[in-house]
Amino acid sequence: MRWPREVPELGWSRGGDRRVSVLAYGVGLGFRAVGERHCVGARGNVCPLGAVVPGRSTGGRCAECARLDRAHSVAADTMADDPRTYRVYLAWFGPGMVKVGITGEERGAARLREQGAVAFSWLGRGPLMAARRTEEVLRAALGVPDRIPYAKKRAVRGQLPGPEERAGAVAELYARAAALEGRGWPESLERLPLEVVDQVGVFGLDRAPDADADADADADADADPAPGRSVREGGTAPGRSVGESALAPVRAVQELVDGGVVAGRLVAAAGPDLHLAVADGSVVVLDTRLITGWDLTSVTRAAEATEATGSDVRVPLIDIGGGGVQGGLF
């Protein structure tokens, strides 16, 4: 799944045929997994081994392809002569969950959407190595990590505080980071002003799952949803937490299996996660990294899946925030 704009997109490929589906909240989404899961290759190249990979792997690559893919990434620090401009960002994912990172300036906020950052602010811009050095200084001085597991992000996503508290957390982190300017902060990095961007609206986390229950299931999936709102405009009603306006997901797909079905109505999305309202009235999270490498056939409506399997989710599930407890096969 990608976030090139303020709307999620799913990319599909079969042989040389590639297409993109633009997703819309309130619209049904369903598929059935077929056969085995195979390595997706690296850097646009197919896996020479055609290796089978574990269903629970979020990477979807064999060991060799995973090494090749990472060797050419910015994170591997093998691109010191990269001439592009980079930005340093401060991201907030939930209470006590903040991180610092870098992204190419030409990508805009796509990286923040891909990570599921609920709110963020830019801190500075400059050459790659200056951005990387600033990132390292801030991690050490502020004690913030370079990554936060998606399982932790999911555990708090449905019960976030209101927009003022979210903005305040980012502003506090920005003030602490800005105070380090001149103390290890490279001179070639230009500091940017504080401007908190709240992505709750972009992700659909401020919407109740039944908000579009009566919407036509055949609605145009390419229609652009309402654009995300900034903190100044507000993602939820003032003082109102996300948990008061959106049903918190309690289960997540653990892995796909041959013949397994996942179908529901898309009510929210953040990072690689799709939040699907299912037949029993709950919300199940699908990490789309788990579907790479599978052959998928369409299940056009949740009702079709229910008729065929007795449920619209027929894959192993785990409880969110329950320490990986098996949630059963539904």
Original post:
Closest approach of Val170 and Ala119, non-hydrogen atoms and distance?
Top reply: CG2-CB, 3.9 Å
Subject >> Rounded distance (nearest 0.5 Å) linking atom CD of Glu105 with atom OG1 of Thr85 >> reply: 5.0 Å
**OP:** Under the side chain to side chain contact (heavy atoms under 4.5 Å, CB included) rule, collect the residues that match up with Arg2, sequence neighbours excluded.
**Re:** Pro4, Glu9, Val20
**OP:** Apply ring-ring contact (aromatic ring centres under 6.0 Å, His included) to Tyr89 and list each qualifying residue two or more places apart in sequence or on a separate chain.
**Re:** none
Original post:
Which residues pass the side chain to side chain contact (heavy atoms under 4.5 Å, CB included) test with Ala177, sequence neighbours left out?
Top reply: Leu90, Leu123, Leu138, Leu142
Subject >> Single-linkage hydrophobic cluster Leu180~Tyr86, side-chain heavy atoms < 4.5 angstrom >> reply: yes
Original post:
Just how far is it from atom CZ of Arg43 to atom CG of Leu68, taken to the nearest 0.5 Å?
Top reply: 7.5 Å
Original post:
For residues 270-279, which residue pairs qualify under salt bridge (Lys or Arg N to Asp or Glu O under 4.0 Å), counting only residues two or more places apart or in two chains?
Top reply: Arg154-Asp273, Arg157-Asp273
**OP:** Check the hydrophobic clustering (I, L, V, M, F, W, Y; side-chain heavy atoms under 4.5 Å; chains of links allowed) and say if Tyr150 and Val100 are grouped together.
**Re:** no
Subject >> Full working for side chain to side chain contact (heavy atoms under 4.5 Å, CB included) between Ile291 and Val262 >> reply: CA-CA 11 Å; Ile291 72 177; Val262 176; over 6 Å; no
Original post:
Is it true that Glu64 and Arg67 make a salt bridge, defined as a side-chain N closer than 4.0 Å to a carboxylate O?
Top reply: yes
**OP:** Give the intermediate values and the outcome of salt bridge (Lys or Arg N to Asp or Glu O under 4.0 Å) for residues Arg176 and Glu172.
**Re:** CA-CA 6 Å; Arg176 293 171 59 201; Glu172 179 185 0; 5.4 Å; no
Original post:
Got a sec, which residues hit ring-ring contact (aromatic ring centres under 6.0 Å, His included) with Trp294, two or more places apart in sequence or on another chain?
Top reply: none
Original post:
Under 3.5 Å, is there a donor-acceptor pair between the side chain of Asp69 and the main chain of Ala42?
Top reply: no
Original post:
Got a sec, which residues hit ring-ring contact (aromatic ring centres under 6.0 Å, His included) with Phe93, two or more places apart in sequence or on another chain?
Top reply: none
**OP:** Kindly determine whether Leu274 and Val285 satisfy side chain to side chain contact (heavy atoms under 4.5 Å, CB included), including the steps that lead there.
**Re:** CA-CA 6 Å; Leu274 299 179; Val285 174; over 6 Å; no
Original post:
Is there a chain of hydrophobic side chains (I, L, V, M, F, W, Y, each step under 4.5 Å between heavy atoms) that links Leu10 to Val253?
Top reply: yes
Subject >> Any pair counted as salt bridge (Lys or Arg N to Asp or Glu O under 4.0 Å), so long as it reaches residues 180-194, sequence neighbours left out >> reply: Arg125-Glu190, Glu181-Arg191
Subject >> Ser21 versus Trp12, closest heavy-atom pair with distance >> reply: OG-NE1, 3.0 Å
**OP:** Check the pair Leu160, Trp92 against side chain to side chain contact (heavy atoms under 4.5 Å, CB included), reporting the backbone distance first and the verdict last.
**Re:** CA-CA 11 Å; Leu160 299 172; Trp92 185 90; 4.3 Å; yes
Subject >> Salt bridge Glu136-Arg132, side-chain N to carboxylate O under 4.0 Å >> reply: no
Original post:
For Val137 and Trp185, what are the C-alpha separation, side-chain angles and deciding distance, and is it a side chain to side chain contact (heavy atoms under 4.5 Å, CB included)?
Top reply: CA-CA 7 Å; Val137 168; Trp185 185 317; 5.8 Å; no
Original post:
Are any non-hydrogen side-chain atoms of Val315 and Leu256 less than 4.5 angstrom apart?
Top reply: yes
Subject >> Matching residue for Ser121 among Leu194, Leu112, Val197 - test: side-chain contact (heavy atoms from CB on, under 4.5 Å) >> reply: Leu194
Original post:
Looking at Pro272 and Thr288, what are the two nearest heavy atoms and their distance?
Top reply: O-OG1, 2.7 Å
Original post:
For Ser57 and Arg37, does a side-chain donor sit closer than 3.5 Å to a side-chain acceptor?
Top reply: no
Subject >> Spacing of Leu49 atom CG and Cys65 atom SG [to the nearest 0.5 Å] >> reply: 7.0 Å
Original post:
What is the minimum heavy-atom distance between Arg166 and Pro161, and which atoms define it?
Top reply: NH1-O, 2.6 Å
Original post:
So which heavy atom on Ala248 is nearest to which on Gln159, and how close?
Top reply: CB-CG, 4.3 Å
**OP:** Under the ring-ring contact (aromatic ring centres under 6.0 Å, His included) rule, collect the residues that match up with Trp3, sequence neighbours excluded.
**Re:** Phe203
Subject >> Side-chain donor or acceptor of Asp258 paired with backbone N/O of Gly35 under 3.5 Å >> reply: yes
Original post:
Taking only residues at least two apart or on different chains, which pairs with a member in residues 105-126 satisfy ring-ring contact (aromatic ring centres under 6.0 Å, His included)?
Top reply: Phe120-Trp122
Original post:
Is the shortest heavy-atom distance from the side chain of Thr134 to the side chain of Ile102 under 4.5 Å?
Top reply: no
Original post:
If you take all heavy atoms of Ser282 and Arg251, which pair is closest and at what distance?
Top reply: OG-NH2, 2.8 Å
Subject >> Electrostatic pair Arg87:Glu106 at N-O distance under 4.0 angstrom >> reply: no
**OP:** For Pro127, check side chain to side chain contact (heavy atoms under 4.5 Å, CB included) against everything at least two apart and list the hits.
**Re:** Ala130, Ser188
Original post:
At what distance, to the nearest 0.5 angstrom, does CG of Leu189 lie from CE of Met129?
Top reply: 12.5 Å
Subject >> Qualifying residues under salt bridge (charged side-chain N to carboxylate O under 4.0 Å, His left out), relative to Arg113, sequence neighbours excluded >> reply: none
Original post:
Is any side-chain heavy atom of Val98 closer than 4.5 Å to a side-chain heavy atom of Val144?
Top reply: yes
Subject >> Student check: side-chain heavy atoms of Val278 and Val283 closer than 4.5 Å >> reply: no
Original post:
What pairs of residues pass the ring-ring contact (aromatic ring centres under 6.0 Å, His included) test when at least one of them lies in residues 35-61, not counting sequence neighbours?
Top reply: none
**OP:** Considering only NZ, NE, NH1 and NH2 on the basic side and carboxylate oxygens on the acidic side, decide whether Arg56 and Asp287 come within less than 4.0 Å.
**Re:** no
Subject >> Ionic contact status for Asp146 with Lys99, cut-off 4.0 Å >> reply: no
Original post:
Does Lys153 reach the main-chain N or O of Gln115 with its side chain, forming a donor-acceptor pair under 3.5 Å?
Top reply: yes
Original post:
If you measure from CZ on Arg107 to CZ on Arg84, what distance do you get to the nearest 0.5 Å?
Top reply: 9.5 Å
**OP:** Please check if Val40 and Met1 belong to a single hydrophobic cluster, counting links between Ile, Leu, Val, Met, Phe, Trp and Tyr side chain heavy atoms closer than 4.5 Å.
**Re:** no
Original post:
Would Leu296 and Val46 show up in the same hydrophobic cluster when neighbours are defined by side-chain heavy atoms closer than 4.5 Å?
Top reply: no
